[in-house]
Amino acid sequence: MIYGGDNSVGSEIVFSKKSGFYEEEFYLKIYAPSKEVYYTLDGSEPTKESFKYEAPLLIRDASKRENTISMRTDFSTAEIAGKDKYEVPEELIDKCTVLKAVYYNENDERSVVEERVYFVDFEDKNGYENMNIISVTSDPQNLFSDETGIYVLGDSYQKFLEEGNLEETGWQFWSANYRNGGRFWEREAHINVFNAEKENVLSQNVGIRIQGGASRALNPKSLNIYARTEYGDNRLRYDFWGTSYYPQRMTLSCGGNDDKGKLLDRLGSELTKDCDFCTMNYEPYILFLNGEYWGFFYLTEKYDDHYIEHYYGVSSDNVIMVK
């Protein structure tokens, strides 16, 4: 169960198919205590204004749908500055079906949102064999709204333009929504993690923020992922790196400033593992963002009190991190 709220009731929604990879299209049935069941397919939170479930849904290869978020050009200041231009894809890119559903009870109370992700007909697609997959979904307003979206230029860039500060700093550091940090710019999201055997090993509600320095201005961007009690659990309950460590935070890294090769950070950590200081573990993943293929990333650890506690046997209460 995910996306609870002050006016939400517990969910008893049941789907006839679990999240996962399927070789053929199928009809999905949704069961709930009420006939007032509504769903979305774009990552947004379902309401009574969304599609109403009235018959089994045909779930097929979503790659045949038109590209949406990958066609946007408001993710970076690079093109504005005359630097590397983001080229929108000319062909349909790979996609999965992201389905979110709720029901309303007799008191018109909305249940918490239940989410499933379905990858259909991926066995013949290139690049997925022996690869981990992570699906990150969040309401489009959390990602792409000018006012609240963390992934776009948005209102912060418009204000920056109006103040006429373009010449005061490099284009990578021009103000934009994606340059804003802190808890206020953390957004609720949901992750589904699939291992190399395409088993759904984790489905969890989390918080996400944009991560990085100058690389925030690139596309795609790195994401910090946070587990919090308010989202359902304060740890990410999966052994991502084979070290029995369940992190509170981790990073989906696009490679930072090494966004083409994506090798330097991982190489540095692996070459210095025998040295007497902390190094991070890295695991390759393919990211799907709100159902669209979003590229190759490394899932990495973050240095925090829980990291120190696990690897060095020091109570997290006795760890002070200074930045």
Side-chain angles (χ1 to χ4, degrees), residues 1-20 22 25-60 62 65 68 95-120 134-145 147-150 183-184 186-194 200-208 225-238 288-291:
M1 294 185 295
I2 61 169
Y3 294 101
D6 293 339
N7 299 318
S8 298
V9 295
S11 178
E12 297 175 356
I13 297 177
V14 176
F15 297 83
S16 61
K17 296 282 188 179
K18 63 182 181 180
S19 295
Y22 294 86
E25 61 187 45
F26 59 90
Y27 280 94
L28 178 73
K29 296 179 181 179
I30 304 176
Y31 305 93
S34 166
K35 293 183 178 180
E36 295 292 309
V37 178
Y38 299 86
Y39 68 93
T40 63
L41 296 168
D42 64 352
S44 60
E45 290 198 45
T47 67
K48 286 189 174 182
E49 303 300 317
S50 306
F51 299 116
K52 186 175 182 180
Y53 174 77
E54 296 178 314
L57 305 175
L58 178 61
I59 306 297
R60 58 177 60 174
R65 299 176 186 163
T68 54
K95 305 176 188 72
C96 62
T97 295
V98 175
L99 192 148
K100 294 183 177 181
V102 297
Y103 70 86
Y104 287 79
N105 66 15
E106 58 186 8
N107 297 319
D108 206 35
E109 297 172 311
R110 193 183 77 156
S111 72
V112 297
V113 180
E114 293 282 355
E115 175 184 312
R116 300 295 184 271
V117 292
Y118 300 109
F119 295 80
V120 178
I134 183 168
S135 165
V136 176
T137 61
S138 186
D139 191 291
Q141 293 296 311
N142 291 336
L143 298 173
F144 312 124
S145 162
E147 181 180 358
T148 60
I150 63 174
R183 187 68 183 274
F184 184 78
E186 180 175 313
R187 298 292 180 260
E188 190 169 4
H190 191 75
I191 60 172
N192 274 281
V193 179
F194 299 87
N200 190 191
V201 294
L202 182 68
S203 179
Q204 187 168 330
N205 198 20
V206 297
I208 57 173
I225 297 174
Y226 299 85
R228 300 190 189 279
T229 302
E230 67 191 73
Y231 299 139
D233 198 337
N234 66 352
R235 290 297 183 99
L236 295 151
R237 305 288 176 178
Y238 179 62
F288 281 78
L289 183 64
N290 273 16

Trainee: Can you see which heavy atom on Val102 is nearest to which on Val112, and at what distance?
Mentor: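 What the structure gives for the nearest pair is CG1-O, 3.9 Å.
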
Trainee: Check whether any side-chain heavy atom of Ile225 sits under 4.5 Å from a side-chain heavy atom of Ile134, and report yes or no.
Mentor: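 They are in side-chain contact.
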
Trainee: Which residues pass the salt bridge (Lys or Arg N to Asp or Glu O under 4.0 Å) test with Lys17, not counting sequence neighbours?
Mentor: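 None.
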
Trainee: Which pair of heavy atoms, one from Ser138 and one from Ile208, lies closest together, and at what distance?
Mentor: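 Scanning both residues, the minimum pair turns out to be CB-CD1, 4.5 Å.
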
Trainee: Check the pair Ile191 / Leu236 against side chain to side chain contact (heavy atoms under 4.5 Å, CB included), numbers first and verdict last.
Mentor: CA-CA 10 Å; Ile191 60 172; Leu236 295 151; 3.9 Å; yes

Trainee: What do the steps show when you test Asp233 against Gln204 for side chain to side chain contact (heavy atoms under 4.5 Å, CB included), and what is the final call?
Mentor: CA-CA 8 Å; Asp233 198 337; Gln204 187 168 330; 3.8 Å; yes

Trainee: Hey, is Asp108 close enough to Lys48 for a salt bridge, meaning N to O under 4.0 Å?
Mentor: yes

Trainee: I'd like to check Val206 versus Tyr226 (side-chain heavy atoms, cut-off strictly below 4.5 Å). Are they in contact?
Mentor: no

Trainee: Rounded at 0.5 Å granularity, tell me how far CZ in Phe15 sits from CD in Glu115.
Mentor: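 If I round to the nearest 0.5 Å, the distance is 9.0 Å.
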
Trainee: Using a 3.5 Å distance criterion without hydrogens, assess whether the side chain of Arg187 forms a donor-acceptor pair with backbone atoms of Phe184.
Mentor: yes

Trainee: Holding to ring pair (Phe, Tyr, Trp, His ring centres under 6.0 Å), I want the full list of residues that pass it with Tyr238, two or more places apart in sequence or in another chain.
Mentor: Phe240

Trainee: So, the side chain of Arg110 versus the backbone of Pro46: is there a donor-acceptor pair under 3.5 Å, distance only?
Mentor: yes

Trainee: Could you pull out the closest heavy-atom pair between Tyr27 and Ser16, with the gap in Å?
Mentor: O-OG, 4.0 Å

Trainee: Any donor and acceptor pair, going by atom type alone, linking the side chain of Ser34 with main-chain N or O of Asn105 inside 3.5 Å?
Mentor: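 Looks like no, no N/O pair under 3.5 Å.
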
Trainee: Looking at Ala189 and Val136, what are the two nearest heavy atoms and their distance?
Mentor: CB-CG1, 4.4 Å

Trainee: Do other residues, nucleotides or ligands put more than 12 heavy atoms under 6.0 Å from Glu147 CD?
Mentor: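 No - once you tally the heavy atoms of other residues, nucleotides and ligands closer than 6.0 Å, there are 12 at most.
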
Trainee: How long is the straight-line distance from OG of Ser111 back to CD of Glu12, given to the nearest 0.5 Å?
Mentor: 9.5 Å

Trainee: Given 3.5 Å as the limit, does a donor-acceptor pair link the side chain of Thr137 with the main chain of Gly43, or not?
Mentor: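 No, because the side chain of Thr137 does not come within donor-acceptor range (under 3.5 Å) of the backbone of Gly43.
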
Trainee: With rounding to the nearest 0.5 Å, note down the distance linking OH in Tyr118 to OG in Ser19.
Mentor: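 Taking OH in Tyr118 and OG in Ser19, the distance rounds to 5.5 Å.
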
Trainee: Which value, rounded to the nearest 0.5 Å, describes the distance between Ser135 atom OG and Leu289 atom CG?
Mentor: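 Here the interatomic distance stands at 8.5 Å.
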
Trainee: Can you name the closest pair of heavy atoms from Ala62 and Thr97 and give their distance?
Mentor: CB-OG1, 3.6 Å

Trainee: Would you compute the distance between atom CD of Glu45 and atom CD of Glu188 and round it to the nearest 0.5 angstrom?
Mentor: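 Answer for the CD-CD pair, Glu45 versus Glu188, is 7.0 Å.
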
Trainee: Could you tell me which non-hydrogen atom of His190 sits nearest to which non-hydrogen atom of Asn192, and how far apart they are?
Mentor: CD2-ND2, 3.5 Å

Trainee: Taking the side chain from Asp42 and the backbone from Ser44, do they hold a donor-acceptor pair closer than 3.5 Å?
Mentor: yes

Trainee: How long is the straight-line distance from CZ of Phe288 back to CZ of Phe119, given to the nearest 0.5 Å?
Mentor: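 If I round to the nearest 0.5 Å, the distance is 5.0 Å.
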
Trainee: Cut-off 3.5 Å, no hydrogens considered: what does the side-chain donor-acceptor table look like for residues 50-60, sequence neighbours left out?
Mentor:
residue : atom : partner : partner atom : Å
Ser50   : OG   : Thr47   : N            : 2.9
Ser50   : OG   : Thr47   : O            : 3.3
Lys52   : NZ   : Glu36   : OE2          : 3.2
Tyr53   : OH   : Ile30   : N            : 3.1

